Visitor: 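Would you mind keeping the following structure in view while I ask a few things?
Just so we're clear, the structure is a prediction, and the values are computed from it rather than from any experiment. Below, all heavy atoms of this structure are taken into account, side chains as well, without hydrogens, waters or symmetry copies.
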Amino acid sequence: MSLRGRTALIVAGAGMNLSTYGIGVWGDSVLLSSGSFVGPALAALSDTYLLFSALGLFGALIARVIIAVASGASNHRYLVCGLGPMAMAAALFISGVWNTSGLLVALAAFCVGWSFACQSLFWVTSISFEPKQMRTIFPLELACAAAFNGLFVIGFMDNQGLFLGLCIALSAAASVALVRLDQKCEQPKMVPVAGFFESRYVPAFRTFAEVLFCVVALQTIAPTLNYMGFLGDLSPIEQQLVVAGAKLAAAVALVAILRFSKAPLLSVQVFKVVTPVLILLLFAVPFAPAPYLLGLLAAGSCLHFVVMNSLFCIDAIAIAQRHRLVFEAFYGADYLLLMGFCSVLEKVMPQLLAAGSSAELLLVFGVFFSVYVLSMVLVLVRRHRRDEDGGTLPSDRFVPDADTRRDASATLSEAEPSSGIATTEDAPAPLPIAERVGIVQRKFGLSDREAEIVLLITRGRNVPAIAEELVISQNTVRTHIKRIYRACGAHARQELIELCETAETEENSLSQD
């Protein structure tokens, strides 16, 4: 299948799946909270609908993570796990029988939540197979979701169930087509079950904890007006227009972020820059007119879609590639935690923001600002400690695995010209370059991260490539390289490479002495 066709399938399927989130899965829509979605006869079952949709969502996330860990592969058994609930949800909603009884309401809600979670993991995992395309796919996905929200307003406001069923059916059909046509959907096994909590995953989760923290903090602050009930003050049509506009603005903002930002963890950088501005804007809320509140509501929704649906995924893809992880296992576990935080926020934040006076609201926003300051101190201290430790945590030791040794050996054999001297079968094979870097590390007292950078230099990587692969800034890479040169007495890249190539000879001579 062509790359353009694959991209179109992902954009359409992921966009349709995203459009079902606020309409049929979560409680951020007056369509659900007002009871109009389930109909006046069953309006009392709105809370039941939300409960079972959440149960379906978390159940699917747990199931997908378990399958990914057990199989060591991403998108493994996706159709077996998700196709049944998708077909059930589509049939119930398209036929219109889903709200004829309380049991069918609960069943439909569970299937919608399950379908959304399965497809969310599937589409992001499919993007991770082609990371160079994600700068194109994520903005297009948001634009596609905005278009479907607009279509919903135009033709389906009076038949919300039909729209939801069609979106689920079409998104499921796109995923089936991708499974059938794209062989890369079935990722090869990369790590056994027992390796999930071992060295390769632990540092990755520690690194991603910073991203998760910043995303949760933004998710707490950005939808503040929604938590205060301002979204509920809008009519369903106005609400959907705000959501559609926010998704479209998010697509434009994401293009700008991906084009101009060179930071390794985009979620963290957006958190540092945007959060204080947003909090300052919130301080004017108790005294602001309606247009100001509507604009801030749209801006908060836009930020929500940028961070939750794009930057969170992009950072997860970068870290998973850096540590060579089974992506669905890593991302699914993190997404499960994020959804858990979001579900708590949906219940807790409206109560915290139900202030009776302007002074109480200003106090709450002051607490937001204090949390931001403390979180920035925590991030800076943690990053400073990581840089002092050589850029890695103590458990992230530089121990080349079998694949690294094999790749490094091949790189070395290509780089070393033939000397023309015949070798005998008894002649020892040269050490792989990764082991030679280990000798250099021990000899000159390099840190684990510095040894990792030396290995990448021997493979011909430049500073931008090293920064992207290690998920650190280019300035940090340059700082490490200066330390490496100073410790090894080298003045240029070629001197460092020659030092590694002769490390085996020097160690052998030392052992003979």
Visitor: Flag the pair Leu311 / Phe138 as yes when at least one side-chain heavy-atom distance between them is below 4.5 Å, and no otherwise.
Guide: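 No, every pair of side-chain atoms sits at 4.5 Å or beyond.
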Visitor: Is the shortest side-chain heavy-atom distance between Leu337 and Val216 below 4.5 Å?
Guide: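 The answer is no, as the side chains (C-beta and beyond) never meet within the 4.5 Å cut-off.
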Visitor: With sequence neighbours excluded, give me every salt bridge (charged side-chain N to carboxylate O under 4.0 Å, His left out) pair touching residues 48-57.
Guide: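 Listed by first then second residue: nothing to list.
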Visitor: For the ring pair Phe208 and Phe330, is the centre-to-centre distance below 6.0 Å?
Guide: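 Yes - the distance between ring centres of Phe208 and Phe330 falls below the 6.0 Å cut-off.
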Visitor: Judged by atom type as modelled, is there a donor-acceptor pair below 3.5 Å linking the side chain of Asp315 to the main-chain atoms of Ser267?
Guide: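 The answer is yes, because a donor-acceptor pair under 3.5 Å joins these two groups.
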Visitor: Under the salt bridge (charged side-chain N to carboxylate O under 4.0 Å, His left out) rule, what pairs show up with a residue in residues 54-66, not counting sequence neighbours?
Guide: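 Listed by first then second residue: Arg64-Glu328.
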Visitor: How far apart are the closest heavy atoms of Gly13 and Ala174, and which atoms are they?
Guide: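 Minimum heavy-atom contact is CA-CB, 4.1 Å.
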Visitor: Show your reasoning for whether side chain to side chain contact (heavy atoms under 4.5 Å, CB included) applies to Leu338 and Met308.
Guide: CA-CA 9 Å; Leu338 180 60; Met308 283 276 292; 3.5 Å; yes
Visitor: With sequence neighbours excluded, tell me which residues meet side-chain contact (heavy atoms from CB on, under 4.5 Å) with Leu470.
Guide: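 By the side-chain contact (heavy atoms from CB on, under 4.5 Å) rule, Leu470 matches Arg322, Arg449, Glu452, Ile453, Leu456, Ile466, Ile472.
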Visitor: After noting the C-alpha distance and the side-chain angles of Val65 and Leu61, does the key distance pass the side chain to side chain contact (heavy atoms under 4.5 Å, CB included) rule?
Guide: CA-CA 6 Å; Val65 170; Leu61 290 178; 5.5 Å; no
Visitor: Partners of Glu238 by side-chain hydrogen bond (donor to acceptor under 3.5 Å, both in side chains), sequence neighbours excluded?
Guide: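 Applying side-chain hydrogen bond (donor to acceptor under 3.5 Å, both in side chains) to Glu238 gives Ser235.
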Visitor: Would you say the side chain of Thr275 lies within less than 4.5 Å of the side chain of Ile279, judging by non-hydrogen atoms?
Guide: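 Yes, side chains in contact.
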Visitor: Could you list the residues that satisfy side-chain contact (heavy atoms from CB on, under 4.5 Å) with Leu151, not counting sequence neighbours?
Guide: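 Per chain and number, Leu151 pairs via side-chain contact (heavy atoms from CB on, under 4.5 Å) with Phe148, Phe156.
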Visitor: Among residues at least two apart in sequence or on other chains, which ones pass ring pair (Phe, Tyr, Trp, His ring centres under 6.0 Å) with Phe305?
Guide: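 Ring pair (Phe, Tyr, Trp, His ring centres under 6.0 Å) check on Phe305 returns nothing, list empty.
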Visitor: For a side chain to side chain contact (heavy atoms under 4.5 Å, CB included) check, start with the C-alpha distance between Ser74 and Ser128, then their side-chain angles and the critical distance, and finish with the verdict.
Guide: CA-CA 10 Å; Ser74 295; Ser128 74; 5.9 Å; no
Visitor: Return the minimal non-hydrogen interatomic distance between Val124 and Ile317, and the atom names on each side.
Guide: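 In terms of heavy atoms, the two residues are closest at O-CD1, 4.4 Å.
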Visitor: With rounding to the nearest 0.5 angstrom, report the CD to CD1 distance, Glu210 to Ile319.
Guide: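 The distance works out to 8.5 Å.
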Visitor: Looking at Val326 and Ala68, what are the two nearest heavy atoms and their distance?
Guide: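 Result for this residue pair: CG1-O, 4.2 Å.
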Visitor: Which residues pass the side-chain hydrogen bond (donor to acceptor under 3.5 Å, both in side chains) test with Tyr78, sequence neighbours left out?
Guide: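 By the side-chain hydrogen bond (donor to acceptor under 3.5 Å, both in side chains) rule, Tyr78 matches Ser175.
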Visitor: Identify, with sequence neighbours excluded, every residue that meets side-chain hydrogen bond (donor to acceptor under 3.5 Å, both in side chains) alongside Ser120.
Guide: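 With neighbours one apart ignored, the set is Asn17.
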Visitor: Hey, does Met86 have a side-chain heavy atom less than 4.5 Å from the side chain of Gln119?
Guide: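 In short, these two side chains touch, coming nearer than 4.5 Å.
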Visitor: Starting at CD1 of Ile62, measure out to CG of Leu57 and round the result to the nearest 0.5 Å.
Guide: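 Here the rounded value is 10.0 Å.
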Visitor: How close do Asn75 and Leu121 get, heavy atom to heavy atom, and via which atoms?
Guide: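 Result for this residue pair: OD1-O, 4.2 Å.
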Visitor: Would a 4.5 Å heavy-atom cut-off, applied to side chains only, mark Ile314 and Leu258 as touching?
Guide: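 In contact.
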Visitor: Check residues 140-147 and write down every donor-acceptor pair under 3.5 Å in which the side-chain atom is one partner and the other belongs to a residue at least two apart or another chain.
Guide:
none

Visitor: Using 0.5 Å steps for rounding, measure from the OG atom of Ser171 to the CG atom of Leu166.
Guide: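 Taking OG in Ser171 and CG in Leu166, the distance rounds to 12.0 Å.
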Visitor: Before you tell me yes or no, could you show the steps for Arg6 and Ser126 under side chain to side chain contact (heavy atoms under 4.5 Å, CB included), namely the whole-Å CA-CA distance, both residues' side-chain angles and the distance that decides it to 0.1 Å?
Guide: CA-CA 9 Å; Arg6 185 178 187 276; Ser126 298; 4.0 Å; yes
Visitor: Evaluate the ring planes of Tyr331 and Phe312, with Trp represented by its six-membered ring, and classify them as parallel (under 30°), tilted (30 to 60°) or perpendicular (over 60°).
Guide: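 Geometry flag for Phe312 against Tyr331: tilted rings.
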Visitor: Where do Gly150 and Ala244 come nearest, in terms of heavy atoms and distance?
Guide: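 Scanning both residues completely, I find the closest heavy atoms to be N-CB, 4.2 Å.
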Visitor: Do Phe116 and Ile168 come within less than 4.5 Å of each other through their side chains, counting heavy atoms only?
Guide: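 Side chain of Phe116 against side chain of Ile168, heavy atoms only: no contact under 4.5 Å found.
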Visitor: Side-chain donor-acceptor contacts of residues 88-95 below 3.5 Å, not counting sequence neighbours, with atom names and distances?
Guide:
residue: Ser95; atom: OG; partner: Ala91; partner atom: O; Å: 2.7
residue: Ser95; atom: OG; partner: Leu92; partner atom: O; Å: 3.2

Visitor: Please report the interatomic distance OG(Ser101) to CG(Leu107), rounded to the nearest 0.5 Å.
Guide: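 Ser101 atom OG to Leu107 atom CG measures 9.0 Å (nearest 0.5 Å).
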Visitor: Filter on salt bridge (charged side-chain N to carboxylate O under 4.0 Å, His left out), then keep only pairs touching residues 213-222, sequence neighbours left out; what's left?
Guide: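 Listed by first then second residue: nothing to list.
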Visitor: Taking only residues two or more places apart in sequence, or in another chain, which ones meet Asn149 in a side-chain hydrogen bond (donor to acceptor under 3.5 Å, both in side chains)?
Guide: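 side-chain hydrogen bond (donor to acceptor under 3.5 Å, both in side chains) list for Asn149, sorted by chain: Gln240, Lys247.
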Visitor: Answer whether the closest heavy-atom distance between the side chains of Ser71 and Arg77 falls below 4.5 Å.
Guide: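 Counting from C-beta outward, Ser71 and Arg77 never come under 4.5 Å.
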Visitor: Once rounded to the nearest 0.5 Å, what's the spacing between atom OG1 of Thr7 and atom CD1 of Ile137?
Guide: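 Rounded to the nearest 0.5 Å, the OG1-CD1 separation comes to 4.5 Å.
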Visitor: Does the side chain of Leu296 reach to within under 4.5 Å of the side chain of Leu282, using non-hydrogen atoms?
Guide: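 Yes, side chains in contact.
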Visitor: For Phe271 and Ala217, work out which heavy atoms get closest and say how close.
Guide: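 Phe271 and Ala217 have their closest heavy atoms at CE1-CB, 3.4 Å.
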